[in-house]
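These notes are about the structure you will find just below.
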2 protein chains.
Amino acid sequence: MTLADALQEPTTQEKILDAAERLFADNGFAGTSVRAITAEAGVNLASAHYHFGSKEALIRMVLSRRVEPITQERLHLLEACLKEASAGLPSLEAIVEAFIGPAVRLSLDPQRAIFMRLMGRVHSEAGDFMPQLLHELFSVTAKRFHQALQVALPGFTEEELFWKLNFMVGAMAFTLAAPQAIEKVTRGHCDPADAETVLKHMKAFVTAGLRAEVAR
Amino acid sequence: MTLADALQEPTTQEKILDAAERLFADNGFAGTSVRAITAEAGVNLASAHYHFGSKEALIRMVLSRRVEPITQERLHLLEACLKEASAGLPSLEAIVEAFIGPAVRLSLDPQRAIFMRLMGRVHSEAGDFMPQLLHELFSVTAKRFHQALQVALPGFTEEELFWKLNFMVGAMAFTLAAPQAIEKVTRGHCDPADAETVLKHMKAFVTAGLRAEVAR
DNA sequence: GTCTATAACGGGATAGAC
DNA sequence: GTCTATCCCGTTATAGAC
């Protein structure tokens, strides 16, 4: 991208994607109409169909645009901490950081904070009308981190590690999905916009849960 | 309810509530139309509006019908384990069991298993068009369990315990919301319909997370 | 209480002029 | 690429016969 590009008005596609991201995060996928998106973006209704073809294709674009960089960052961090510990066991803290950090830290950029909410929603809602989309977006990530946990936590069965991974994702997704609810319920005791504090508490909880012995 | 009642055809209201529960669990609230509900229930479209007045009122009924018994059971179990430990500290395991058990165990009854999925969805989706409904349904439960954690886990601040409670709810809600995704991702390694096994893993993870020290 | 019929509206998608 | 206009369908909700 040239400097001139960076200073230009966003393209129609970008305006639509940004507006869709905001509205999907606020109202869900089924709860957001293409008309509302184009109105929010200040563009014509027909342009959304011209550029994306259908609402479903638009949803896929909105998600993959942001998920793919997160996936790359997660896998890169994971590989780094596995390589660093080539001799002994990799640090569980580093694995957790590699998974949770890239997603939660997006909230530092207020523009990207919108997508943080959407990330949580994806995990809980996208299964509705696109069961396979979730799989496409996250199956590689899930597989790699499951393998990493097998290395870092020897002595647990595959099943045990699947459950642990699942609970980690749940704790993260729920927190990302409804920051306003957290602020309300805790009456201001917790600030979900403070990414480093969120990470501190989440990592403490999750690493302990991952290490927990399971009755057999 | 008399024996005769139990053997009778369900009433129109019950048929609508049961169908709505199934479809809401599968497709979400915004993704489910009243027409689809009445078709599934085998009743007339207008009867839903006659009996419930509006879609929103129907949603409230579907949720409160099942959440209230769960809330009662949770609070009853919580009170029991606080009373039992009136001398020393209450058992953290018992508090976790009181929170998670009533929700997860519903899956033993296959009819109620539908609602288990809906429970997960409530936590992640109901905030959309009814921000206050979540509060009405769960604020008392959240408050009581937060208080119980303050007793059982002295040494943690209010904020720390709010985060821990939040992660516990997230791990549970995510697991309840998408059992079919769990089965798919783990390629059969995990069976989300086996409530006791789910509980075993979830309790191990959550109790360890609750006890985890947090950096300050 | 239950039905048919329909109002009133918003949804996704598209044709066709520019 | 962008607009207007429109098709066609599904939506919530209600009116009114039975």
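Order of the sequence lines fixes the chain letters, A, B, ..., with proteins taken first and strands second; residue numbering starts at 1 for each chain.
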Could you please name the option among [options] that lies closest to any side-chain atom of [X]?
X	options	value
B/L45	C/dG12, D/dG1, D/dA13	D/dA13
A/A46	C/dA15, D/dT2, C/dG1	C/dA15
B/K55	C/dC3, D/dA13, C/dT2	D/dA13

Check the phosphate of [N] against [X], side-chain N and O only, distance under 4.0 Å to OP1 or OP2. Yes or no?
X	N	value
B/T12	C/dT2	yes
A/H51	D/dT2	yes
B/S33	D/dT11	yes
B/H49	D/dA13	yes

How long is the line joining [atom1] of [X] and [atom2] of [N], in whole Å?
X	N	atom1	atom2	answer
A/I59	C/dG11	CD1	P	14 Å
B/L58	D/dT11	CG	C1'	15 Å
A/Y50	C/dA15	OH	P	14 Å
A/K15	D/dT2	NZ	P	9 Å
A/N44	C/dA17	CG	P	17 Å
B/N27	D/dG10	CG	P	16 Å
B/I16	C/dC3	CD1	C1'	13 Å

**Q.** Under-4.0 Å salt bridge between B/E40 and B/K15
**A.** no
Q. Salt bridge between A/D18 and A/R65, side-chain N to carboxylate O under 4.0 Å?
A. yes
Q. Between A/S47 and A/R35, which is nearer to the 5' end of DNA chain D once each is assigned its nearest nucleotide?
A. A/S47
Q: Go through the steps to decide whether A/E79 and A/R74 satisfy the test salt bridge (charged side-chain N to carboxylate O under 4.0 Å, His left out), and finish with yes or no.
A: CA-CA 9 Å; A/E79 210 167 315; A/R74 280 174 165 167; over 6 Å; no
**Q.** Over all atoms of both residues, closest heavy-atom pair of B/I95 and B/A152
**A.** CD1-CB, 3.6 Å
Q) What about A/H123 and A/F138, are their ring centers closer than 6.0 Å? A) yes
